[in-house]
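Working notes for the structure below.
Labels below follow one simple rule: chain letters A, B, ... track the order of the sequence lines, proteins then strands, and each chain is numbered from 1.
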There are 2 protein chains.
Amino acid sequence: MTDTATPGRALPHPDRAEIRLEAVLHALSDPMRLGIVRELAAAEAELSCSHFDVPVTKSTTTHHFRVLRESGVIRQVYRGTAKMNALRRDDLDGLFPGLLDSLLAAADRQSVRLGDAG
Amino acid sequence: MTDTATPGRALPHPDRAEIRLEAVLHALSDPMRLGIVRELAAAEAELSCSHFDVPVTKSTTTHHFRVLRESGVIRQVYRGTAKMNALRRDDLDGLFPGLLDSLLAAADRQSVRLGDAG
DNA sequence: CTCGTAGTACGAGGGTTATCGTACGAGTCG
DNA sequence: CGACTCGTACGATAACCCTCGTACTACGAG
């Protein structure tokens, strides 16, 4: 594990056992957050907050990432000045086998169906 | 088809093509609505609104059923004085294959994990 | 140390949601 | 018809959520 995480700046995450399905669904019911999660899943890697091209201000972006983190969907860690984001795939798959893949597939399908760029 | 539906009291439903994943997820992110959907799925049959033992008033119950209907999760039809509710399994499976089952399985798992009566 | 970049904290505005109570409408049963 | 049950409509209230702007902190580069 690349422990390049900046020390002394830990962020609160729910334990796996504290993750609630309702919270996950709520987190993913926002188009912006769903888009972030889709991109994160496609990348299969950590991405910084600023990597995402979202049509809102930095404040709002911070808010959405916090919702995703506090619902247990993503894990966030500071590396230098950047804050890296990664899907909590292991935890989600462990709690809800198949759910994340179904959700991502559903999002992809809808994207194709609606002719979105994504 | 059991066309015992009361005529002249049609309820507005979204077409299959109008169903949005975000709306579905939002609808299911409420514990009460998720519970209703789970019960509906387990019953594999139409259930009246009053069948459900929810800890809220009738007004609030009406509200939650409307959210489920307008998001495309359930289909509602009047039969006499009762309003029957059924999952839109065909439409949801057609749009998002596997999603509904994953969601229901996830809800069941969490219910067991948390020791709910569900 | 200074500057720039990445992101946070806080507060406010505006919209949506969950809940309720009361009054009402539609069917059914006597 | 009259009474009863099921569910709706409407208004109110309180909470929540998305968004923003501004002021701020943390880190890295020079």
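Put simply, CG on B:L11 is 11 Å from C1' on D:dG7, counting in whole angstrom units. The interatomic distance linking A:E22 (CD) with D:dC17 (P) rounds to 14 Å, in whole Å. Computed from coordinates, the A:E46 CD to C:dG7 C1' distance equals 16 Å when rounded to whole Å. As a whole-Å value, the separation of B:R79 CZ from D:dG7 C1' is 16 Å. B:Y78 has its OH atom 16 Å from the C1' atom of C:dT28, to the nearest Å. With rounding to whole Å, B:L68 atom CG is found 15 Å from D:dG7 atom P. Rounded to an integer number of Å, the gap from NE2 of A:H64 to C1' of D:dC16 is 14 Å. C:dC10 atom C1' lies 15 Å from atom NZ of A:K58, rounded to whole Å.
Between B:S71 and B:A23, the closest heavy-atom pair is CB-O, 3.7 Å. Of all heavy-atom pairs between A:D91 and A:R16, the closest is OD1-NE, 2.7 Å.
With D:dG7, C:dT19, D:dC17 as the choices, the nucleotide that has an atom nearest any side-chain atom of B:S48 turns out to be D:dG7. Proximity note for B:T57 (side chain, C-beta onward) versus C:dC20, D:dC20, C:dG7: the nearest is C:dC20. If you check D:dG28, C:dG21, D:dT19 against the side chain of A:T81, the one that comes closest is D:dG28. Looking at the side chain of B:M32, the nearest of the listed nucleotides D:dC20, D:dC17, C:dT19 is C:dT19.
Of the residues listed (A:I36, A:L104, A:L103), the one engaging A:L28 in a side chain to side chain contact (heavy atoms under 4.5 Å, CB included) is A:L103, and it is the only one.
Regarding contacts with the backbone of C:dG7, every side-chain N or O of A:R66 stays at 4.0 angstrom or more from both OP1 and OP2. When the side-chain nitrogen and oxygen atoms of B:R33 are compared with OP1 and OP2 of C:dA18, one or more of them lie within a distance under 4.0 Å. Remark: B:T60 is in phosphate contact with C:dC20, judged by side-chain N or O atoms under 4.0 Å from OP1 or OP2.
Once rounded to the nearest 0.5 Å, the distance linking CD1 of B:I74 with NE2 of B:H13 reads 7.0 Å. Separation of atoms OG (B:S111) and CG (B:D116) is listed at 4.0 Å; rounding is to 0.5 Å.
A:H63 comes within contact range of at least one nucleobase, with a heavy-atom separation under 4.0 Å. A:S50 comes within 4.0 angstrom of the backbone, heavy atoms only, and of no base.
Comparing B:A82 and A:G80, the nucleotide of DNA chain D nearest to each residue sits closer to the 5' end for B:A82.
At a cut-off of 3.5 angstrom, the base of C:dG21 holds at least one donor-acceptor pair with the side chain of B:S59.
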